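Reviewing the structure listed below.
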Amino acid sequence: MSSEVLRVRVKALEEELERLKAQLRAETEEKSQTSESGSRQKKQRVEKPFDFSAHPRRHVALRLAYLGWQYQGFAVQENTDNTVEARLFEALLKTKLIQDRQTSCYHRCGRTDKGVSAFSQVISIDLRSTQYGGGLGVTVPADVDVKGKTSADELPYVKILNRVLPQDIRILQWAPVESGFSARFDCQSRTYRYYFPRGDLDLELMAEAAKRYEGTHDFRNLCKMDVGNGVLQFQRTILSASVQPAQLPHPSVHNDPHQLFVFQVKGLAFLYHQVRCMMALLLLIGQKLEAPEVIDQLLDVEKNPRKPQYSMAVDYPLVLYDCHFEGVNWRNETEEEIHILNTFHQHWVQNAVKTQILLGMIQGLQNTSTEMGSLQCWLMEGSRQKKYQPLLSRPRCESLESRIQHFVKRGRLEQEEGENGEETTVFRGKRSKHAHLTTTNQIQNKNSEAETEESSLQNL
């Protein structure tokens, strides 16, 4: 075969190869487009909006527990999404129990701070319901035809939410409530617990001092004054305060420094950081750095209008232990109770084993040491002072009146003339992106309504 014939043949083969490649590309693109079209159609089917208007809504109270050590507090904040409330609303939206936060009629009982846990936090909210025939707290849309709708058991709210919530946040119970019920404003009392080891503390002195908190007092010297968020009234009522063992000690062990005790305080409501400041004073008294009478002196705001500078107790031992409501009939989901107990038991096993390992190391070092050191108090924020300075001789914080004037100048507060010609201060703070339900009346009510312990700096 001549070279000319070969060249013609090669050229023909190259052209055939290019034709086949083009055909292959066209078939591949067609298949890809068909696949993408099918995926889009499938995706569109999956993302079809849930028709909330076709379902009743029910106003309920949810009781939940959480371990707050890994969270930046309970309430949603603008600078982080690592909060208990953020996880809670993610679960509510994912399970289609609510359409959005704005229309859910949401209230919370308390706003625990960073690192603080809860055994009995309570929220009130409108959830999707199956009760077309009505019932306590049920609202059926007016345009829904309820004829032919069979009666069904209510949705298992506890089970539904616990299946999607993190393991350190558990819904415990739920209750149907009247449509006007508010977890914040209908709470009768709140109880906090703060756990601490005996160490070298004088527990009798601390127990005596704790009783001085009982009654109605101005606690401006035992809290963080949240004036910038409209808290201008600092009188709060403490129903009971005590120091007692967290559990009965073993009969063979006497005055074990590692035995845990608990400061329990019950009140109508609490101020920002109030319990941690109360505990800080008890720890100073237990170390005999202060006398119990210092509590009376700090509660006397006529003689001591400005708070001495002192560190408060650390956050992680604090628990919102109980929120009490009248007439709320909590419902248990028996099957779910077992799962909840198993979850918390797993947490307990992990932490109890770690605690025992550390205790074994401590005891091993004590056995080999010629001198037995005392168990220091590690529950106060900040560094330990080499030479203790009594509270009442320390530099003082800014007065309440001075702080009010500061925020008046910044436009967060306004001073107006009252009915009797007296000057009154009204909160005009900026709205956060979550303050969808805040009205002028609600804002003004913050001057007189009790703010709960550990409230976040966000106005939600």
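Given the structure is predicted, the values throughout are model-derived calculations rather than measurements.
- Cation-pi geometry between R63 and F119 is met: under 6.0 angstrom from the ring centre, within 45 degrees of the axis.
- L400 approaches L232 most closely through the heavy-atom pair CD2-O, 4.2 Å.
- Of all non-hydrogen atoms in L289 and Y388, the two that sit nearest each other are O-CE2, 3.4 Å.
- Atom CZ in F74 sits 6.5 Å away from atom CZ in R108 (nearest 0.5 Å).
- Residue pairs meeting the side chain to side chain donor-acceptor pair (under 3.5 Å) criterion with at least one partner in residues 294-311, sequence neighbours excluded, are R212-D296, N304-R396.
- Considering OG1 of T355 and CH2 of W348, their distance stands at 9.5 Å, rounded to 0.5 Å.
- Looking at Q287, its side chain does come within 3.5 Å of a backbone N or O of L283 through a donor-acceptor pair.
- E154 places a side-chain heavy atom less than 4.5 Å from the side chain of W174.
- The backbone N or O of L172 sits nowhere less than 3.5 Å from a side-chain atom of E337 that would complete a donor-acceptor pair.
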Intermediate values then yes/no, side chain to side chain contact (heavy atoms under 4.5 Å, CB included), T191 and L239:
CA-CA 10 Å; T191 301; L239 302 175; over 6 Å; no

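- Taking 4.5 Å as the limit, some side-chain heavy atom of I285 sits within range of a side-chain heavy atom of E290.
- Contact check for N82 versus Q77: no side-chain heavy atoms found under the 4.5 Å cut-off.
- In terms of heavy-atom proximity, Q259 sits nearest to P245 at NE2-CB, 3.8 Å.
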Does the pair R58 and V138 meet the rule for a side chain to side chain contact (heavy atoms under 4.5 Å, CB included), with working shown?
CA-CA 4 Å; R58 187 167 208 168; V138 175; 3.6 Å; yes

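- Note that the NE2 atom of H59 and the OG atom of S104 stand 9.5 Å from one another [nearest 0.5 Å].
- Side chain of T112 to main chain of S117: no donor-acceptor pair is present (N/O by atom type, distance under 3.5 Å, no hydrogens or angles).
- The distance from the CG atom of D226 to the CD atom of Q274 is 13.0 Å, given to the nearest 0.5 Å.
- Of the options L260, L201, V314, L282, a side chain to side chain contact (heavy atoms under 4.5 Å, CB included) to F196 is made by L201 and by none of the others.
- Side-chain atoms of C187 and C323, non-hydrogen and from C-beta on, do get closer than 4.5 Å to each other.
- G180 approaches D186 most closely through the heavy-atom pair O-OD2, 4.0 Å.
- Both tests pass for R101 against the ring of F89: distance under 6.0 Å to the centre and angle within 45° of the axis.
- For E178, the CD atom counts as loosely surrounded, since its 6.0 Å shell holds 12 or fewer non-hydrogen atoms of other residues, nucleotides or ligands.
- Aromatic rings from F261 and F263 are positioned such that their centres are separated by 6.0 Å or more.
- A 6.0 Å sphere centred on CG of N342 holds more than 12 heavy atoms belonging to other residues, nucleotides or ligands.
- Note: F325 and W330 have perpendicular aromatic rings, judged against thresholds of 30 and 60 degrees for the angle between ring planes.
- Between N229 and Y272 there is no side-chain heavy-atom pair separated by less than 4.5 Å.
- Remark: side-chain polar atoms of R190 are paired, donor with acceptor, to backbone N or O of L268 under 3.5 angstrom.
- Looking at S124, its side chain does come within 3.5 Å of a backbone N or O of A183 through a donor-acceptor pair.
- Within 6.0 Å of atom CD in E90, more than 12 heavy atoms from other residues, nucleotides or ligands are found, so the atom counts as buried in its surroundings.
- Here the side chain of R394 pairs a donor or acceptor atom with the backbone of Q389 at under 3.5 angstrom.
- More than 12 heavy atoms of other residues, nucleotides or ligands lie within 6.0 Å of CD in Q350, so this atom counts as buried by the packing criterion.
- Two residues are said to be in side-chain contact when any heavy atoms from C-beta on lie closer than 4.5 Å; Y192 and M278 fail this criterion.
- Within the 4.5 Å cutoff, the side chain of I125 has heavy atoms near those of the L92 side chain.
- A 4.5 Å side-chain heavy-atom check between R276 and D113 finds at least one atom pair inside the cut-off.
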Donor-acceptor pairs under 3.5 Å, side chain of residues 160-169 to any protein atom, not counting sequence neighbours: which ones?
| residue | atom | partner | partner atom | Å |
| --- | --- | --- | --- | --- |
| N162 | OD1 | I171 | N | 2.8 |
| N162 | ND2 | V158 | O | 3.4 |
| N162 | ND2 | I171 | O | 3.0 |
| N162 | ND2 | E336 | OE2 | 3.2 |
| R163 | NH1 | E336 | OE1 | 3.1 |
| R163 | NH1 | E336 | OE2 | 2.9 |
| R163 | NH2 | E336 | OE1 | 3.1 |
| D168 | OD1 | Y71 | OH | 2.7 |
| D168 | OD2 | Y71 | OH | 3.4 |

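- L391 approaches P308 most closely through the heavy-atom pair O-CB, 3.2 Å.
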So Y106 and I98, side chain to side chain contact (heavy atoms under 4.5 Å, CB included) or not? Walk me through it.
CA-CA 10 Å; Y106 172 71; I98 65 170; over 6 Å; no

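- Put simply, CG on L205 and CG on L203 are 9.5 Å apart, with the number rounded to the nearest 0.5 Å.
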Could you go through D81 and Q72, starting from their C-alpha distance and side-chain angles, then the distance that decides it, and tell me whether this counts as side chain to side chain contact (heavy atoms under 4.5 Å, CB included)?
CA-CA 8 Å; D81 66 348; Q72 298 297 311; over 6 Å; no

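- Interatomic distance, Q121 CD to R111 CZ, rounded to the nearest 0.5 Å: 10.5 Å.
- Using modelled atom types and a 3.5 Å distance limit, the side chains of Q235 and T216 yield no donor-acceptor pair.
- Of all heavy-atom pairs spanning E398 and S402, the tightest one is OE2-OG, 2.6 Å.
- Ring orientation note: the planes of H217 and F219 are nearly perpendicular, at an angle over 60° on the 30°/60° scale.
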